[in-house]
There are 4 protein chains.
Amino acid sequence: MTTRDKIKAVAMTHFAKGGYEGTPLSAITKEVGVTTPAVYAFFGSKEELFLSIFEDVLKNHYHSVKEAIEEAKSGTVEQRLYQILRGAFTYHVSHEEETIFYKRAMMFPPAPLEDKLKERFGETEGMLTGEILTLLTEGIETGVIDDRPIEDLLDGFLCLMDGLFLQMFYYDEKKYEQKLHNIWKLFWSGIAGS
Amino acid sequence: MTTRDKIKAVAMTHFAKGGYEGTPLSAITKEVGVTTPAVYAFFGSKEELFLSIFEDVLKNHYHSVKEAIEEAKSGTVEQRLYQILRGAFTYHVSHEEETIFYKRAMMFPPAPLEDKLKERFGETEGMLTGEILTLLTEGIETGVIDDRPIEDLLDGFLCLMDGLFLQMFYYDEKKYEQKLHNIWKLFWSGIAGS
Amino acid sequence: MTTRDKIKAVAMTHFAKGGYEGTPLSAITKEVGVTTPAVYAFFGSKEELFLSIFEDVLKNHYHSVKEAIEEAKSGTVEQRLYQILRGAFTYHVSHEEETIFYKRAMMFPPAPLEDKLKERFGETEGMLTGEILTLLTEGIETGVIDDRPIEDLLDGFLCLMDGLFLQMFYYDEKKYEQKLHNIWKLFWSGIAGS
Amino acid sequence: MTTRDKIKAVAMTHFAKGGYEGTPLSAITKEVGVTTPAVYAFFGSKEELFLSIFEDVLKNHYHSVKEAIEEAKSGTVEQRLYQILRGAFTYHVSHEEETIFYKRAMMFPPAPLEDKLKERFGETEGMLTGEILTLLTEGIETGVIDDRPIEDLLDGFLCLMDGLFLQMFYYDEKKYEQKLHNIWKLFWSGIAGS
DNA sequence: CATGAATGAGGGTTCATTCAT
DNA sequence: TATGAATGAACCCTCATTCAT
């Protein structure tokens, strides 16, 4: 593992835990075992370091969602929707710090980077929303989902995702997995066709 | 409005937007129209200022939820559960910055205050959870809610709350109000007794 | 005891322990039970407060030495010289903080007050030196002290005083009293006429 | 001379003259020709800078005394005791500021460093006391010193040292040298065997 | 690629002091 | 006489960054 990669890896966990402003470069380099100016051999500034990590995280996030969707191509609508949740979260649960970094960057971006970051979020979200809409529509058409306004269903699903997202902060992996299952059952019985 | 209160008010919006580490006292005092050391006439430190605001926000949050619960004492179980959501969120929507402050402090507490903050969160949450449990139990006993493990129902409701909480970031008041209503319908039809 | 006097008393112990620069007014007023600006009701500045205490201490020091000299008017030369040491030090031992204040002000005066302080030291010292010289001369003339250059004897006596002064820092009252006696015996046998 | 050493050298004279609390880092760095944060490239804090200087001074003090003792190994007991005084003081006289620093740190240590400093003093003093005791005992055994309680003799010698120490503040080198000699003669004739 | 030295800017905090009350 | 509010100056220290090596 190169110094550059070590810096990025360590920086990510620090930015996740302490935020951009709350993390001095010295905290990162100290853990890497290198002096602070070493950062400037690879990154133009602290901002660039952050941005570089951010791009990686975004890419990973995007791929994990995409993968989850593709893995679930062959089940019932319920299974496939559930798989989206499960897929995204198994990834996140196994990359906890990356997830926290992502969420933090999304919800509370460092002031000087705000614009750049917000720009980049839309894309991934768009892809995800599209896929969910497709599934919900299919569900309605095949009758497994109640015939309500599609937007309401989408809102509900996204709300569910957000709630589950937040709850990852409170529970450990095992508990979380179970809760995820239970909550999904509840939600499904709310939208399932009668 | 006293200087002390001005400082707290301005500080809250700054802490909400920029976070604890991202907000120098000078940014606050400059907006208040006072020099930085003036803060120390009222608060022992930056931490204490933050904590003082935090206590207020927590208290307000607590009261708004409590009020909502009490206002709905005479309705059906569904109405009362919904009222908990609505009450909390009408308050939060009309106090946007306070809500952001609250959420940020909860999700990403400044490192040196983490312990103190988490402690205080527990108490408020506990009260809320207690009330919800009571309502859910009553709902099951009267048959308006399906007879499932009470914990699953609670998890679902809390997940819903969290999700709605997060979504407040994306939508404006009007849209949010509507979404809240729709999502609730979805959720309720998932747990309602058949 | 008036507030003014309380301030002076408390300030003296603080200046003695922590020095002028090491003692904030707040430390003094806190112990007195008053707010800091109260000092300015009685003293024009921190410097003036210090100077006011200094004058008192100097006066007390002067009187204690004078008293010791007068009390010993009727003994042998040895008794009277010893009395000067004993008198000065019984006073100092029973006013420990005042002594420390005095010594500190003398040896390491606060920079902005240096000139004023040094000016005032000479007087007291002069009186003391005069009296000692008189006694030593009398001792030589009466043969109880060896006939050496008077200045050497004076230097020896002053060196003894200084040494004893310093040693007050190390020992408690009882031990000190005994050491004083022993050391005097040694010194006297060094200058006594044979 | 490295910047680090320059800082230490300049700091020592400032701490000697103005004391720890009375010397801002800026005063030191300004004289060195460097900005204040440069101090932190070499020392962790103002306290550490002080401590670092203190260790040097202590070591020098220790060595100078030790050297004086060893240089005088071949003389009479009187010569060797005198040499301890002379050796220590020729060093101190030629390193005036170091001496003032030493004395100030010993008598009025900066409050936050008091414990650490006092601890370190004991060690050096212990070595010195041991050597003096050996010499005094030898003197008694060979009859050149009167047979008194050894502790009284030690107290007297230490009191003499302290007195001479204090007097260094008042006189210049030449005068001091002469006084040292005279006072020693006096002291020696007080303890010398008859 | 990485360091040690150094800096400019700024951060939180303390402190003596002022002033209206 | 004494206070609470407020300030200007200064202090110690941190941090991102530069640069010669």
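No hydrogens, no waters, no symmetry mates; every other heavy atom, side chains included, goes into these values. To find a chain, count down the sequence lines: A is the first, B the second, and so on, and within it residues start at 1. Since this is a predicted model, take the numbers as computed values, not measurements.
Heavy-atom distances to DNA chain E give each of C/Glu21 and D/Ala41 a nearest nucleotide, and the one nearer the 5′ end belongs to D/Ala41. Take the nearest nucleotide of DNA chain F for D/Tyr20 and for B/Thr35: the residue whose nucleotide is more 5' is B/Thr35. Comparing D/Gly44 and B/Pro37 against DNA chain F, the residue whose closest nucleotide sits nearer the 5' end is B/Pro37.
For A/Ser26, whose side chain is taken as the heavy atoms from C-beta onward, the closest listed nucleotide among F/dC12, F/dC15, E/dA6 is F/dC15. Nearest nucleotide to the side chain of C/Thr36, out of F/dT18, E/dT17, F/dC13: E/dT17. If you check F/dT7, E/dT17, E/dG11 against the side chain of B/Pro24, the one that comes closest is E/dG11.
Residue contacts shown for A/Val34 are limited to sugar-phosphate atoms, with no base heavy atom under 4.0 Å away. C/Thr23 comes within 4.0 angstrom of the backbone, heavy atoms only, and of no base.
Remark: D/Thr3 is in phosphate contact with E/dA6, judged by side-chain N or O atoms under 4.0 Å from OP1 or OP2. The side chain of A/Ser45 places no N or O atom within less than 4.0 Å of a non-bridging phosphate oxygen (OP1 or OP2) of F/dA16.
Within a 6.0 Å sphere centred on CD of A/Glu114, heavy atoms belonging to other residues, nucleotides or ligands number more than 12.
Note: CZ (D/Phe43) to P (F/dC12) measures 15 Å, nearest angstrom. Distance, D/Tyr40 OH to E/dG8 P: 17 Å, rounded to whole Å. Atoms CG (B/Leu25) and P (E/dG12) sit 4 Å apart, rounded to a whole Å. Distance, C/Ile7 CD1 to F/dT1 P: 10 Å, rounded to whole Å. What separates CZ of B/Phe15 from P of E/dG11 is a distance of 13 Å, to the nearest Å. Taking atom CZ on C/Phe50 and atom P on E/dT17, their separation rounds to 14 Å, with Å as the unit. Atom-to-atom, CG of D/Asp5 to P of E/dA5 comes out at 11 Å; the value is rounded to the nearest Å. In this structure, D/Arg4 places its CZ atom 12 Å from P of E/dA6, rounding to the nearest Å.
The base-pairing partner of E/dT21, taking Watson-Crick or G-U wobble contacts with both distances under 3.5 Å, is F/dA2. Pairing for F/dA16 goes to E/dT7, judged as Watson-Crick or G-U wobble with the two contacts each under 3.5 Å.
Taking the centre of each ring, D/Phe54 and D/Tyr20 stay at or above the 6.0 Å mark. If you look at D/Phe101 and D/Phe50, their ring centroids are closer than 6.0 Å.
Taking a cutoff of 4.0 Å between a charged side-chain nitrogen and a carboxylate oxygen, A/Glu55 and A/Arg120 qualify as a salt bridge.
For the 3.5 Å distance criterion, the side chains of B/His14 and B/Glu31 qualify, holding a donor opposite an acceptor.
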